Enquirer: 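Just passing along the structure, written as structure tokens.
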Amino acid sequence: MCILNKNIFILTGAGISKESGIETFREKDGLWDNYKIEDVCTVEAFNKDPDYVNNFYNERKRKLQNPKISPNNAHISLAKLEANCKRNFLLVTQNIDNLHERAGSKKILHMHGSLEKIYCMYCKHSEIFNFELSSKYVCKNCKNVGMVRIDVVWFGEQPKYLDKIYSFLENTEVFISIGTSNNVYPAAGFIDFLLQTGKKIIFYEFNIETTNKSSLFDKNFIGPASKTVPGFVDRIIKSK
Ligand code: APR
């Protein structure tokens, strides 16, 4: 089936970056096995011990800058799918890494923020950064100390770009979920939102295993994303 003349919405999660060498969250040995969410991923944690939180993200960023970490074939194929799509295309990622951009994706929204930026909680000034963040950092704009934090959405905070996302979902004809456990809302609820519209929408899921939402999809591609996604994209492009 050629989906290139349909409006395509892609949702990605940590699983797509796993084969690039970045840990997922909820799998065995994933980040939440080694850290407590409430110690690193909440505003309360930041207020209590800012440098513990800063260092958690400094470590994630350092890892991403390792020359061995690069986009894998799943990221590359999604950029190819976007380039071949003749209608509207949107890639929404829950990931805070920059592997989709490095693979060439253009129409992308990081709904959980990214490791690229920091912002000041006092004056909202935001900037791209390339250094180890510490609680001694002085905001370039308001000169306050210790108010600058990573621009990542923590638990209890509102994900970014929800207006844009839901407005795209209104006209989505193909929904593809890749490498997410579909545990964290609102992203996990996008499929329910689409199903309740009653519209004719195609649903595909790519994961190494079934998830608690798998039964809602028309087709489940089980296997590593770096294999299943390129195979799928190549078939779609050949069939056009
Ligand atoms: N190919 C495809 N899927 C994979 C692969 C792979 N190579 N490796 C792992 N997966 C799947 C796992 O089976 C799992 O379902 O990726 C999923 C990763 O799930 P999570 O660790 O829960 O990550 P994610 O769904 O992105 O988490 C959502 O939770 O803690 C927060 O903010 C964090 O953005 C994150 C959000």
Side-chain angles (χ1 to χ4, degrees), residues 10-46 53 56-57 59-61 63-64 69-78 81 91-100 103 108-117 149-162 165 175-192 203-217 219-233:
I10 313 270
L11 172 67
T12 65
I16 196 167
S17 297
K18 170 89 178 277
E19 292 160 80
S20 292
I22 300 192
E23 310 93 321
T24 59
F25 294 93
R26 290 173 186 77
E27 289 182 292
K28 192 171 178 304
D29 267 342
L31 279 173
W32 298 152
D33 259 0
N34 300 312
Y35 291 89
K36 285 192 193 151
I37 291 180
E38 59 272 27
D39 287 347
V40 290
C41 211
T42 62
V43 78
E44 291 78 19
F46 185 76
V53 174
F56 174 75
Y57 290 102
E59 200 185 312
R60 312 268 77 72
K61 194 168 166 87
K63 184 153 195 189
L64 202 53
I69 305 275
S70 58
N72 64 55
N73 286 335
H75 298 104
I76 293 166
S77 292
L78 291 183
L81 183 62
L91 169 51
V92 172
T93 186
Q94 297 166 88
N95 299 344
I96 56 174
D97 66 52
N98 58 5
L99 296 178
H100 283 303
I108 171 169
L109 296 175
H110 282 265
M111 66 179 291
H112 291 169
S114 96
L115 289 168
E116 298 289 298
K117 284 199 286 176
R149 60 169 270 191
I150 191 82
D151 195 5
V152 158
V153 175
W154 288 331
F155 281 86
E157 295 180 327
Q158 173 91 326
K160 294 170 183 276
Y161 314 116
L162 290 181
I165 292 173
F175 177 79
I176 303 177
S177 161
I178 306 170
T180 172
S181 58
N182 276 316
N183 263 310
V184 175
Y185 286 80
F190 292 161
I191 185 162
D192 306 294
F203 296 99
Y204 294 138
E205 182 182 56
F206 292 77
N207 202 298
I208 42 164
E209 59 186 24
T210 53
T211 68
N212 53 5
K213 297 273 179 178
S214 288
S215 62
L216 302 177
F217 287 83
K219 192 164 165 54
N220 309 105
F221 294 81
I222 304 286
S226 72
K227 296 271 185 312
T228 52
V229 177
F232 170 80
V233 170

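Each ligand, and each atom within it, is numbered from 1 in the order the structure gives. Because the structure is predicted, anything quoted here is derived from the model rather than measured. Numbering starts at 1 and runs along the sequence shown.
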Enquirer: Under 4.0 Å between a side-chain nitrogen and a carboxylate oxygen: does that hold for Asp192 and Lys213?
Expert: yes
Enquirer: With sequence neighbours excluded, what pairs up with Thr24 under the side chain to side chain donor-acceptor pair (under 3.5 Å) test?
Expert: Glu27
Enquirer: Is it possible for you to check whether Lys219 lies under 6.0 Å from the centre of the six-membered ring of Phe221, through NZ or CZ, and within 45° of that ring's axis?
Expert: yes
Enquirer: Below 4.0 Å from any atom of ligand 1, which residues have a heavy atom? Give them in chain and number order, please.
Expert: Gly13, Ala14, Gly15, Lys18, Glu19, Thr24, Phe25, Arg26, Glu27, Trp32, Gln94, His112, Phe155, Gly179, Thr180, Ser181, Val184, Asn207, Ile208, Glu209, Gly223, Pro224, Ala225
Enquirer: Enter the distance from Asp151:CG to His112:NE2 here, rounded to the nearest 0.5 Å.
Expert: 13.0 Å
Enquirer: Looking at residues at least two apart in the chain, or sitting in another chain, which of them share a salt bridge (charged side-chain N to carboxylate O under 4.0 Å, His left out) with Glu157?
Expert: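 Per chain and number, Glu157 pairs via salt bridge (charged side-chain N to carboxylate O under 4.0 Å, His left out) with Arg149.
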Enquirer: With sequence neighbours excluded, tell me which residues meet side chain to side chain donor-acceptor pair (under 3.5 Å) with Asn207.
Expert: none
